[in-house]
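See below for the structure under consideration.
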Amino acid sequence: MFRPASRRLRPGRRLLAPDVAYGPLGVLTIAAGVFGLSYLAVVLAPPDNGVAAWWPAAGLATIALMWAPRDRRAVVVASVVIMSALANLAVGRPWHVALGYGASNALESAVVAALLTRRGRPRLATLDDLFRLVGATAAGVLVMGVGAGLTQLLADGAGFLVTARTVVASHGAALLLTLPLGMRAPGGTGRAGRLEAAAQLAAVCVAIVVIFRPGQGLPVSFLTMPLLVWGALRFGVKVVSVELIVVALLVTSFSRFDGGPFAAEFGATSTATASLVQAYLVCCALVTLPLAVSIAQRRAALARSEASERLFRQGFRDSLVGMAMLRLCDGAHGPGEEAHAEGGLDVVQLNDVAARMLAGDPAALVGAPWTALLAEPDRHELAARVREMLAGTSEGWHGEVAVATPAGDLWVDVALSPLAASAGENLFVAQMVDVTARRAAEERLTAQAQRDSLTGLANRSRLHGEIDAAVAALPPDEADGGPGVAVLFCDLDDFKDVNDSAGHTEGDRVLVRVAERLRTLLGPDDLAARLGGDEFVVLRRCARDRADVEQLASAVLAGLSAPIVVGGHGFTVGVSIGIAWGGPGASADDLLRDADAAMYAAKAGGKRRAVTFSDEHRARAVRAVRVEAELRRALELGQLEMYLQPVVDLRDGATVAAEALVRWRHPDRGLLEPGAWLDVAEACGLMPELGAWILRRSCELAAAWPQSVAEVTPAVHVNVSARQLEVPGFVADVHRVLAETGLPPARLVLEFTETQLDTVSEALLADLATLRRAGIGLAADDFGTGYSPLTRIIELPISMVKVDQRFVAGMLDDVRSQAIVTTLVRLTDSLGLALVAEGVETQEQAQALQMLGCTAGQGFLWSRPVPADVFHERLRGAVLR
Ligand code: C2E
Ligand code: CA
Ligand code: CA
């Protein structure tokens with residue numbers, strides 16, 4: 001509407017920019033305008049009574065105020081007061097009257113501007129806006145009328161009413177005609193061209209000239225109305241407003257010089273003429289403005305909805321995802337489409353992507369039942385969601401559905417939402433993305449993640465899920481006798497031997513063979529899994545009864561007992577099986593744990609057998625949990641103590657060493673021997689920590705033992721658990737403890753049980769050799785209980801053998817025990833190893849041992865294990881003696 005006057009204007013400084021429009025020059029221009037328009041109105045007023053037909057200055061002043069920044073309003077008001085007063089002075093009114101008019105003018109503009117700018121920038125876009133404009137105008141002219149009337153009354157002592165009425169009419173007409181120019185109004189000429197606008201304006205002008213020309217007195221002013229309505233129907237509010245101003249100027253001018261129907265009746269000088277002009281102008285404004293506004297309003301609404309529809313269509317057609325517009329099916333499809341009838345959706349329209357996705361001819365797809373393409377459960381789910389959306393309880397649905405297309409089954413990600421009711425009844429939009437490839441990749445990954453890579457059996461994660469699913473699928477509680485889920489925990493016996501002797505590659509091949517064999521043994525509903533290492537699990541999802549499971553276990557035992565031939569070697573790997581049985585409510589964790597415990601029982605019972613988890617196992621497991629917790633605290637709280645039992649020289653009874661035996665001073669249960677809890681420490685992984693403490697404590701004690709010049713100070717025997725050797729750094733730990741406690745290496749003997757030494761790996765053998773070279777004694781404890789050949793003694797870097805108690809106990813009446821002791825005496829003697837007989841309880845045993853040539857013994861005959869300080873005192877006594 002307003003453009004910068006010239007391109008030389010500094011950028012950003014537009015004429016209408018507040019600092020320009022309301023700067024000194026701007027205010028001066030406004031003032032000049034107010035003066036000019038006021039003067040013009042006075043000039044055009046009939047000279048005898050001075051009543052102007054309309055007062056355009058009021059419009060200019062109000063617009064100037066409406067647009068003024070807050071801090072410039074006072075200046076504008078002041079200039080309006082001064083300029084209106086000056087205009088009135090100029091036409092000869094006394095100064096106080098002029099001032100009264102000026103002040104009223106300014107007050108009127110202030111009131112109208114305030115009312116119209118109450119909600120921000122004034123606008124004239126709806127009929128409501130127009131009502132507000134009329135209302136504000138009414139309020140303004142009321143103020144003006146009262147102000148002017150009072151001014152007149154004060155000056156002349158009369159004329160209040162007359163003045164008020166004429167001023168109200170002239171200002172009302174002026175404000176209605178001019179204010180639209182200062183408001184935001186839907187402009188533009190719609191679809192009408194400039195040519196039409198020019199033609200229409202010309203027609204109006206010609207009509208006015210014809211109707212109001214001097215000498216024309218026929219009362220046909222209404223003939224202008226159709227032409228004005230033409231403008232209102234075709235052009236925007238602004239154009240109509242400009243046109244009304246032109247009309248007002250022409251009609252006022254002609255009437256002033258005796259032209260037209262209004263002057264014809266009363267003569268150009270009459271107040272009545274002016275009133276008729278005013279009535280005519282107000283009439284014109286009140287007919288054309290509402291028309292123009294309401295048409296503009298409708299046009300804007302239409303444009304908005306067209307734009308949004310265009311946007312929707314564009315988005316629909318060009319979308320990168322499949323788009324389908326769907327309509328609720330009225331059930332008109334063929335019979336048998338029961339699911340489709342309620343909540344089913346038909347295709348109304350679809351874009352190319354969707355058509356390609358559904359692999360159909362777009363034309364044929366239109367009208368086809370869309371929901372019928374979905375798989376059964378999805379179809380019902382969707383129908384239910386559609387009903388919810390129709391009921392208004394849900395705003396949409398999003399999910400992945402399987403869609404059957406002529407080109408095959410797809411997975412489609414669907415976002416379905418209802419269209420607004422205004423778009424049509426029961427319409428929905430579905431956005432569809434083909435996610436088949438992603439789903440396939442996911443499924444592949446899941447399958448991989450669920451499989452043991454070596455054997456192809458299920459892995460632990462899949463097994464867990466399958467057990468839980470099997471439990472969930474069991475028929476609900478039928479007391480005890482019903483079917484159950486059976487978990488068979490199978491751990492290969494002696495598989496370590498295979499790895500050690502043939503290497504890991506061969507070992508892996510054996511595992512693969514084991515898996516193959518397991519598969520052939522299973523029923524169609526069974527599942528085999530590998531948990532890792534040589535641990536396998538067989539799951540029978542629905543076992544009839546326990547006998548059924550035991551049969552399966554026997555089959556597995558038998559199946560794995562036959563040798564497995566790999567690379568020309570035959571390996572016999574037996575298996576120990578733990579069976580756990582679960583009814584409804586059991587969990588995979590529980591069943592696996594129980595089966596594992598039962599498997600350990602099978603191992604302990606001699607391997608190559610199946611053991612069913614029982615209450616006894618459960619009790620043991622419960623105890624283990626409790627003991628483990630207590631034991632951890634015991635270590636922290638220092639409840640563990642080392643007891644010492646002497647190893648004596650059979651010939652003179654002198655103490656040559658002492659075995660350190662751990663005890664637990666339990667706060668409630670008293671002094672506990674290791675048999676009551678050490679197995680738990682082994683099983684729960686506490687042994688490395690516990691063993692480290694034992695080693696350090698034992699060395700500390702031994703380092704403090706009194707020394708005599710004549711005799712050698714006794715060595716300390718420390719028992720070492722297999723678990724301790726599994727943690728790297730054991731050798732280094734031993735050296736560190738010796739260094740820190742100051743115990744000479746020669747005074748330390750580490751005891752390893754024979755079974756432990758049975759399975760020594762190459763690395764451990766090297767470690768043991770290192771210790772031995774450092775002067776530390778190594779003893780094969782409980783010798784004779786294992787299955788290793790006697791020659792094993794030669795292969796190991798040991799320095800001592802401890803004959804197991806059971807041979808000593810049986811020695812006197814069992815020839816075989818005696819033979820073993822005799823052999824060991826000879827063997828150790830010839831190899832230069834020390835020999836200690838354990839568990840010597842009687843004098844007879846001691847004598848027999850001595851006769852056989854054994855020189856050292858340990859047992860209750862000499863002393864039970866005693867607290868460290870008691871042992872220390874005894875040593876001191878012996879030294880002093
Ligand atoms: P072990 O190494 O064979 O220890 C000898 C066991 O025989 C000790 O039982 C001892 O009290 C007992 N004993 C000694 N003389 C006689 C006797 O004349 N007759 C009979 N019937 N028994 C006798 P204890 O202290 O209950 O220890 C049992 C087992 O616990 C030990 O057998 C050892 O394997 C283990 N153990 C004990 N203390 C420790 C330790 O500090 N560390 C480790 N790793 N194991 C330990
Ligand atoms: Ca021992
Ligand atoms: Ca022993």
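Whatever order the structure lists ligands and atoms in, that order sets their numbers, starting from 1. The shown structure was predicted, so the numbers you read here are calculated from the model rather than taken from an experiment. In what follows, every heavy atom counts, from backbone to side chain, and hydrogens, waters and symmetry copies are set aside.
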Quick one: which ligand 1 atoms are inside 4.0 Å of a heavy atom on [X]?
X      : answer
Pro865 : 11 (O)
Met687 : 44 (N)
Glu838 : 3 (O)
Gly859 : 15 (N), 18 (O)
Asp782 : 3 (O)
Val662 : 38 (N), 39 (C), 40 (C), 41 (O)
Leu678 : 35 (C), 36 (N), 45 (N), 46 (C)
Gln805 : 6 (C), 7 (O), 12 (C), 13 (N), 20 (C), 21 (N), 22 (N), 23 (C)

Does [X], at its [atom1] atom, have more than 12 non-hydrogen atoms belonging to other residues, nucleotides or ligands within less than 6.0 Å?
X      : atom1 : result
Arg826 : CZ    : no
Arg633 : CZ    : no
Arg460 : CZ    : no

Asn719 near the Ca ion (ligand 2) via N/O/S, less than 3.0 Å: yes
- request: Look at the N, O or S atoms of Glu751, main chain and side chain alike, and state whether any lies under 3.0 Å from the Ca ion (ligand 2).
  value: yes
Is any heavy atom of the protein nearer than 4.0 Å to [atom]?
atom                    : value
atom 44 (N) of ligand 1 : yes
atom 41 (O) of ligand 1 : yes
atom 27 (O) of ligand 1 : yes

Checking contacts here: is it the side chain or the backbone of [X] that comes within 4.0 Å of ligand 1, counting heavy atoms only? Could be both or neither.
X      : answer
Lys802 : neither
Asp781 : side chain
Asn719 : both
Arg663 : side chain

The Ca ion (ligand 3) to Asp782: nearest N/O/S atom name: OD1
query: Should Gly839 be listed as contacting ligand 1, given a heavy-atom distance under 4.0 Å as the test?
result: yes
Contact with ligand 1 for Glu659, non-hydrogen, under 4.0 angstrom: yes
- prompt: Taking all atoms of both residues into account, what is the closest heavy-atom pair of Ala774 and His735, and its distance?
  reply: CB-CE1, 3.6 Å
task: Fit a plane to each ring of His617 and Phe613, take the angle between them on a 0 to 90° scale, and name the class: parallel (under 30°), tilted (30 to 60°) or perpendicular (over 60°).
output: parallel
Residues His464, Ser461; criterion side-chain hydrogen bond (donor to acceptor under 3.5 Å, both in side chains); working and verdict: CA-CA 5 Å; His464 258 255; Ser461 135; over 6 Å; no
message: From the N, O or S atoms in Asp781, identify the one nearest to the Ca ion (ligand 2).
response: OD2
- prompt: Backbone or side chain, does any N or O of Phe860 fall under 3.5 Å from an N or O of ligand 1?
  reply: yes
Protein residue, atom and distance nearest to atom 8 (C) of ligand 1, heavy-atom basis: Leu661 CD1, 3.8 Å
- line: For atom 29 (C) of ligand 1, the closest protein heavy atom turns out to be Pro674 CG, 4.4 Å
task: State whether Glu659 contributes an N/O/S atom found under 3.0 Å from the Ca ion (ligand 3).
output: no
- prompt: Can you tell me if Glu506 uses its side chain to pair, donor with acceptor, with the backbone of Gly503 under 3.5 Å?
  reply: no
Sidechain-backbone polar pair: Arg772 side chain, Ile776 backbone, donor-acceptor under 3.5 Å: yes
field: side-chain hydrogen bond (donor to acceptor under 3.5 Å, both in side chains), paired with Lys607, selected from Asp494, Asp491, Asp493
entry: Asp494
